[in-house]
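One structure is given here, and the rest of the page talks about it.
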Amino acid sequence: MDTNVIIGIVAVVAIAVLLIAWGVWNDRTRKAALKRAEDEAKARADARIAAEKEAERKAQAAVAESAKAAESSSGGSDETPSGAARHLPPEGKEEAEAAQVAVAEPAPKPAETPETAVSRIQRLRAKLANSSNPFGKALFSILTKDNLSESDWEDVEDTLLLADVGAEASEQLVDELRKDARIAGKADAAEVRASLKEKLLDLVGRDVDRRLNADKDGANKPSVIIMVGVNGTGKTTTAGKLARLFVAEGKQVVMGAADTFRAAAADQLETWGAKVNVPVVRSDKDGADPASVAFEASAKAKEANADVLIIDTAGRLQNKANLMDELGKIRRVTEKNLPVDEVLLVLDATTGQNGMTQAKVFAEAIGITGVVLSKLDGSAKGGIVISVQKELGVPVKLVGLGEGPDDLAPFDPEGFVDGILA
Ligand SMILES: Nc1nc2c(ncn2[C@@H]2O[C@H](COP(=O)(O)OP(=O)(O)OP(=O)(O)O)[C@@H](O)[C@H]2O)c(=O)[nH]1
């Protein structure tokens, strides 16, 4: 074979071997690089998971610590949920608070200016007069008849009972009306009306102090109001409307969404707050401890030197013992920061006497200082104003007269009686 051919074949074989060797080396290097990248990514993921676990462990420890501290600070019966979190090392505290409670700061400028007290009262007086509270008119039409018979007097009593005036008050009113010469003597309609108005005003209570404690001279600053009541009565709505009333008076308000049972309640309160530039302290976790929110809200209101703190609570409690536990804890924990000035029971006027039994349970569970009668606009049972005061021994301080943001008014006995007799 020609030498040149042999050299050519050797050269081709050598090149082929070199190419194969380069390919193998290249492949190994690429695989090694891939493996390295994979290892690095895995190490990063492991580190992240470990960090997350550590953060979670710290948050749980902080929550557990807070519960323990609350127990011990109250001698075994009292609680300071997030208060304990305040004493933790900084990172534990932050994690516990982030997990539990947040403050929804509204936009810096109020989006709405609430209606002034004067125009609100005028408008709501007219609304009350036009509302479905026909028992005054029904009474009036019976009492202006000539020669009232026994059955007429029975109709008077039935009318009062139907309007939820309550048995005791109805009997008392009928007795007084029967003795009234202006009625018994068949005087004119104006006299009957005047007499009826007087007696109804006596029953409603004309000289009762119905001011909110936050509005009294020398009120605490911040003044704390806790809203309680059965679910659906209008607590959250009333808390929002009440915040507007205070804002309209130039007061600085903070709200606490301690209704952690219904997640939407905190959103609802935040919406009310955002409209009038009121911050809302809430929990990001469904079913979080309501007392924890109440504690943070009271701490926030104190720190901000607010005029009023309004705390909304849940009403969905299985039994009296649970109710007492939950509301009692909210109160005790709040009182670690601020005294509680007012507990307002929100009662749905449309439920009438049916709502009274539950109202009594709430009154026993936390002790109430006033009643808000909501939904009076949709109720034919205005007499509940009389029976609720008699049975619970506290005044009706506010009435809800619609779903509108400014449809809450201080209860005005004259306006109410004029409304039912109009
Ligand atoms: N007509 C009328 N409706 C009202 C009044 N007050 C509240 N409502 C309505 O009643 C419904 C229930 O009100 P909420 O404020 O959610 O009741 P709640 O007691 O907070 O309910 P829970 O959070 O479930 O305990 C809402 O549709 C309100 O708009 C009122 O004075 N008049």
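This structure is a prediction, so every number in the text was calculated from the model and none was measured. No hydrogens, no waters, no symmetry mates; every other heavy atom, side chains included, goes into these values. Atoms within each ligand, like the ligands themselves, are counted from 1 in listed order.
Of the options Q268, K235, K241, K375, the smallest heavy-atom separation from atom 16 (O) of ligand 1 is shown by Q268.
One distance of note links CH2 of W153 with CG of D158; it measures 13.5 Å at 0.5 Å rounding. Atom-to-atom distance recorded for R282:CZ and E296:CD is 14.5 Å, nearest 0.5 angstrom. Interatomic distance, D418 CG to L201 CG, rounded to the nearest 0.5 Å: 7.5 Å.
A donor-acceptor pair is defined here as one N or O able to donate and one able to accept, closer than 3.5 Å; such a pair exists between the side chain of D412 and the backbone of G415. At distances below 3.5 Å, at least one donor-acceptor pair connects side-chain atoms of K235 with backbone N or O atoms of V230. The main-chain N or O of V394 is never found under 3.5 Å from a side-chain atom of Q389 such that the two would form a donor-acceptor pair.
Applying the side chain to side chain contact (heavy atoms under 4.5 Å, CB included) test to E157 and every residue at least two apart in sequence or in another chain returns L161, S170, E171, V174.
Contact atoms of ligand 1 toward L401: 31 (O) (distance under 4.0 Å to a heavy atom of the residue). The distance from ligand 1 to the heavy atoms of T237 drops below 4.0 Å at these ligand atoms: 7 (C), 13 (O), 14 (P), 15 (O), 28 (C). Listed by atom number, the atoms of ligand 1 under 4.0 Å from G400 heavy atoms are 31 (O).
Considering only non-hydrogen protein atoms, atom 24 (O) of ligand 1 sits nearest to R316 NH2, 2.8 Å. Here the protein heavy atom with the shortest distance to atom 17 (O) of ligand 1 is G234 N, 3.1 Å. Ranking the protein heavy atoms by distance from atom 21 (O) of ligand 1 puts G232 N, 2.9 Å first. Summary of contacts: the protein heavy atom closest to atom 20 (O) of ligand 1 is T236 OG1, 2.7 Å. Looking only at protein heavy atoms, the nearest one to atom 3 (N) of ligand 1 is E403 CG, 3.2 Å.
A heavy-atom separation below 4.0 Å is not found between A314 and ligand 1. Contact annotation: G229 has no heavy atom less than 4.0 Å from any atom of ligand 1.
Between D406 and R244 there is a salt bridge, with a side-chain nitrogen of the basic residue lying less than 4.0 Å from a carboxylate oxygen of the acidic one.
Residue contacts with ligand 1, taken as heavy atom pairs separated by less than 4.0 Å, involve D259 solely via side-chain atoms from C-beta onward. If you look at D377 next to ligand 1, the close heavy atoms, those under 4.0 Å, all belong to the side chain.
With F246 as the fixed residue, the side chain to side chain contact (heavy atoms under 4.5 Å, CB included) test singles out one of I225, V278, V276: I225.
Close N/O approach between T313 and ligand 1 is not found [any backbone or side-chain N/O within under 3.5 Å].
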